[in-house]
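Chain identifiers are assigned alphabetically (A, B, ...) following the order of the sequence lines, protein sequences preceding nucleic acid strands; residue numbering begins at 1 within each chain.
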Amino acid sequence: GAVVSQHPSWVICKSGTSVKIECRSLDFQATTMFWYRQFPKQSLMLMATSNEGSKATYEQGVEKDKFLINHASLTLSTLTVTSAHPEDSSFYICSASRSTDTQYFGPGTRLTVL
Amino acid sequence: DAKTTQPTSMDCAEGRAANLPCNHSTISGNEYVYWYRQIHSQGPQYIIHGLKNNETNEMASLIITEDRKSSTLILPHATLRDTAVYYCIVREVTSGNTPLVFGKGTRLSVIA
């Protein structure tokens, strides 16, 4: 199957700082990438849909000014958590697909905000 | 909201077949059934998908009932490494991209 990477795999930051998470499709061009987050013992929750070259579409309740998404190329999307707070601590996961193809997920990034 | 219902948890003895059921009684004609699994602290892994015919790959088999209202994922010889949460998802395949909506899934524990 296709390979999607995320960087970093884990990050610890102080409250009030910003953290950038990268999602890359390594062996295909992804027209669309999705960002999810997962709290302990819960399922994945969709945060936003990212289309290359256009603005991301955010799910209800997700603050677009807090979670900045940039999809500058067909192989890279970034999620920046701005002014992070302890309640933003979570497991962030991206997925990518070509067009109508199967979605492939990255390994996830564990964010801990102190 | 997820359009599928799955048992919360299941146990399976190592080496035996694991049969994971999924109900999707409201599935529409242009929706596929997808199965993913998530091993602890990892991203979901694609397993298999199908429309109406049974499907098999190197990981598993997918059996879809004739009325398409339910399906079963079969892991023919479960190993300890198959312990994970298994998600059954229905997704419309259109010209655009639609996200996967995850339910609670089934926590499969493979026991030695």
- Query: Relative to B:Tyr34, does B:Arg91 satisfy both conditions: NZ or CZ under 6.0 angstrom from the six-membered ring centre, and within 45 degrees of the ring's axis?
  - Reply: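 Satisfied, under 6.0 Å and within 45°.
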
- Interface moiety of A:Ile93 toward chain B, non-hydrogen atoms closer than 4.5 Å: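 The side chain, not the backbone.
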
- A:Gln38, part contacting chain B, at a heavy-atom distance under 4.5 Å: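 It is the side chain, since no backbone atom gets that close.
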
- Establish whether A:Phe91 and A:Val113 are linked, either directly or via other cluster members, by ILVMFWY side-chain heavy-atom contacts under 4.5 Å.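 No.
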
- Joint hydrophobic cluster, A:Tyr92 plus A:Val19, side-chain heavy atoms closer than 4.5 Å: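 Yes, because A:Tyr92 and A:Val19 connect within a single hydrophobic cluster, where side-chain heavy atoms sit under 4.5 Å apart.
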
- Flag the one option from A:Gln103, A:Arg110, A:Met45 with the top tally of heavy-atom pairs under 4.5 Å to chain B.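 So the answer, after comparing A:Gln103, A:Arg110, A:Met45, is A:Gln103.
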
- Do B:Ser71 and B:Ile63 have side-chain heavy atoms sitting under 4.5 Å apart?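 The answer is no, as the side chains (C-beta and beyond) never meet within the 4.5 Å cut-off.
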
- Task: Check whether any side-chain heavy atom of B:Met10 sits under 4.5 Å from a side-chain heavy atom of B:Pro21, and report yes or no.
- Result: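 SC-SC contact between B:Met10 and B:Pro21 confirmed.
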
- Name, in order of residue number, those residues of residues 35-62 of chain B that have a heavy atom at a distance of less than 4.5 Å from a heavy atom in chain A; otherwise write 'none'.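 Under the 4.5 Å heavy-atom cut-off, B:Tyr36, B:Gln38, B:Ser41, B:Gln42, B:Gly43, B:Pro44, B:Tyr46, B:His49 qualify.
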
- Query: A:Thr80 side chain to A:Thr82 main-chain N or O, any donor-acceptor pair under 3.5 Å?
  - Reply: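 No: the side chain of A:Thr80 does not pair with the backbone of A:Thr82.
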
- Task: Please list all pairs passing the ring pair (Phe, Tyr, Trp, His ring centres under 6.0 Å) test where one or both residues lie in residues 19-44 of chain A, with sequence neighbours left out.
- Result: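 Residue pairs passing ring pair (Phe, Tyr, Trp, His ring centres under 6.0 Å), neighbours aside: A:Tyr36-A:Phe105, A:Tyr36-B:Phe102.
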
